[in-house]
Participant: 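Mind having a look at this structure? Questions to follow.
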Amino acid sequence: MKNTIYLSFALLLCFSNLSAQDFSFGAKAGANFANVTGDDVENSSSRTGFHLGAVARIGISEKFGIQPELIYSQQGAKDDEFDVTLKLDYLNVPVLADIVVAQGFSLQVGPQFGININSGVEDDNGNEGDVDDINSLDLGAALGAQYKLDSGLFFQARYNLGLSDIAEDSDVKNANITISIGYFFL
């Protein structure tokens with residue numbers, strides 16, 4: 001109990017220096033160019049989809065902040081040999097270190113946690129089927145860049161590398177390039 005009080009007091013001191021300028025909240029949307037990688041992958045090509053969600057930035061200093069996001073993301077891949085598309089939809093939560101390297105320009109890196117909310121396949125004729133063995137949790141790492149204008153408008157480019165297999169007993173991981181545009185309201 002004593003440690004909990006000390007920890008709470010320390011956190012209160014850390015966050016008491018934050019002002020409205022140190023916290024930003026916004027929305028973003030963009031395109032995904034998703035694929036899968038691994039030893040069990042053959043003849044795959046990218047599936048183009050979209051993403052949409054909310055973003056926040058918590059400034060720790062002038063040059064460093066934490067940027068958590070909550071993003072709906074269409075991912076998966078196309079299998080060129082069998083002419084089917086693997087459709088994987090995730091609710092992704094990247095938690096990124098945002099390192100400002102020049103006025104308005106920052107590099108971002110950190111973990112990404114994804115929850116699979118839909119999985120299926122579709123052939124070229126539009127016939128759909130379910131995929132039952134997709135793992136519900138996807139762990140990954142994100143690396144990217146962001147450019148933010150003084151108006152609050154921002155642009156992002158990011159690569160998300162899957163670290164966990166998308167299905168049991170297989171070496172198949174997500175790989176996703178995202179291009180985004182967004183706006184910080186605060």
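Since this is a predicted model, take the numbers as computed values, not measurements.
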Participant: When rounded to the nearest 0.5 angstrom, what distance separates CG in D138 from CG in N92?
Facilitator: 7.0 Å
Participant: Please tell me whether Y72 and F50 form a close aromatic pair, meaning their ring centres lie under 6.0 Å apart.
Facilitator: yes
Participant: May I ask you to decide whether E69 forms a salt bridge with R158, counting only side-chain N to carboxylate O separations under 4.0 Å?
Facilitator: yes
Participant: Would you say Y183 and I181 make side-chain contact, with heavy atoms under 4.5 Å?
Facilitator: no
Participant: Apply side-chain hydrogen bond (donor to acceptor under 3.5 Å, both in side chains) to residues D165 and S170 and explain how you reach the verdict.
Facilitator: CA-CA 7 Å; D165 293 325; S170 69; 5.4 Å; no
Participant: I'd like to check I71 versus K28 (side-chain heavy atoms, cut-off strictly below 4.5 Å). Are they in contact?
Facilitator: yes
Participant: Determine the minimum heavy-atom distance between S45 and D80, stating which atoms define it.
Facilitator: OG-OD1, 3.0 Å
Participant: Can you tell me if T48 uses its side chain to pair, donor with acceptor, with the backbone of F33 under 3.5 Å?
Facilitator: no
Participant: To the nearest 0.5 angstrom, please state how far the CG atom of D132 sits from the OG atom of S119.
Facilitator: 7.0 Å
Participant: Report yes or no: do S44 and N35 form a side-chain donor-acceptor pair below 3.5 Å?
Facilitator: yes
Participant: Taking L96 as the starting point, is it possible to reach L143 by hopping between hydrophobic residues whose side chains are less than 4.5 Å apart?
Facilitator: no
Participant: If every non-hydrogen atom of V131 is compared with every non-hydrogen atom of D133, which pair is closest and at what distance?
Facilitator: CG1-OD1, 3.4 Å
Participant: In terms of heavy-atom contacts, does CG of N43 have more than 12 from other residues, nucleotides or ligands at under 6.0 Å?
Facilitator: yes
Participant: Just by distance, with hydrogens left out, do T178 and N32 show a side-chain donor and acceptor under 3.5 Å apart?
Facilitator: no
Participant: Using side-chain heavy atoms (C-beta onward) and a distance below 4.5 Å, is R57 in contact with K148?
Facilitator: no
Participant: Between Q146 and V100, does the side chain to side chain contact (heavy atoms under 4.5 Å, CB included) criterion hold? Intermediate values first, please.
Facilitator: CA-CA 9 Å; Q146 175 174 279; V100 177; over 6 Å; no
Participant: For residues V36 and V41, report the shortest heavy-atom separation together with the two atoms involved.
Facilitator: O-CG1, 3.8 Å
Participant: Could you state whether F105 and I99 fall into the same hydrophobic cluster, counting links through intermediate Ile, Leu, Val, Met, Phe, Trp or Tyr residues with side-chain heavy atoms under 4.5 angstrom apart?
Facilitator: yes
Participant: For L70 and V93, work out which heavy atoms get closest and say how close.
Facilitator: CD1-CG2, 3.8 Å
Participant: Can you give me the closest heavy-atom contact between H51 and S180, atom names plus distance?
Facilitator: NE2-OG, 2.6 Å
Participant: Restricting to non-hydrogen atoms, name the atom on G26 and the atom on F185 that form the minimum distance, rounded to 0.1 Å.
Facilitator: CA-CD1, 3.6 Å
Participant: Using 0.5 Å steps for rounding, measure from the NZ atom of K173 to the CG atom of L139.
Facilitator: 11.0 Å
Participant: Is a side-chain N or O of D123 found less than 3.5 angstrom from the main chain of N127, in a donor-acceptor match?
Facilitator: yes
Participant: When you measure from the side chain of N135 to the backbone N and O of L137, does any donor-acceptor pair fall under 3.5 Å?
Facilitator: no
Participant: Which value, rounded to the nearest 0.5 Å, describes the distance between N176 atom CG and Q75 atom CD?
Facilitator: 4.5 Å
Participant: Are E168 and I134 close enough, and set up right, to give a side chain to side chain contact (heavy atoms under 4.5 Å, CB included), and what steps lead you there?
Facilitator: CA-CA 7 Å; E168 294 294 323; I134 300 296; over 6 Å; no
Participant: Do L86 and I166 come close enough that some side-chain heavy atom pair is under 4.5 Å?
Facilitator: yes
Participant: To the closest 0.5 Å, what do you measure between CG (D124) and OG1 (T85)?
Facilitator: 6.5 Å
Participant: Is it true that V109 and L163 fall in one hydrophobic cluster, defined by side-chain heavy atoms closer than 4.5 Å?
Facilitator: no
Participant: Are side-chain N/O atoms of Q74 and K87 paired as donor and acceptor at under 3.5 Å?
Facilitator: no
Participant: Hey, do the aromatic rings of Y147 and F154 have their centres closer than 6.0 Å?
Facilitator: no
Participant: Step by step, would you call Q67 with V55 a side chain to side chain contact (heavy atoms under 4.5 Å, CB included)?
Facilitator: CA-CA 7 Å; Q67 187 162 308; V55 57; 3.4 Å; yes
Participant: So, do F184 and L153 sit near enough that their side-chain heavy atoms are less than 4.5 Å apart?
Facilitator: no
Participant: Just by distance, with hydrogens left out, do Y90 and N118 show a side-chain donor and acceptor under 3.5 Å apart?
Facilitator: no
Participant: Contact between F155 and L149 at the side-chain level, heavy atoms closer than 4.5 Å - yes or no?
Facilitator: yes
Participant: Going from CG on D171 to OG1 on T37, what distance comes out if it is rounded to the nearest 0.5 angstrom?
Facilitator: 7.5 Å
Participant: With a 4.5 Å cut-off on side-chain heavy-atom distances among I, L, V, M, F, W and Y, is there a chain of contacts connecting L88 to V172?
Facilitator: yes
Participant: With a 3.5 Å distance limit and no angle check, can you tell me whether D89 reaches the backbone of I117 through a side-chain donor-acceptor pair?
Facilitator: no
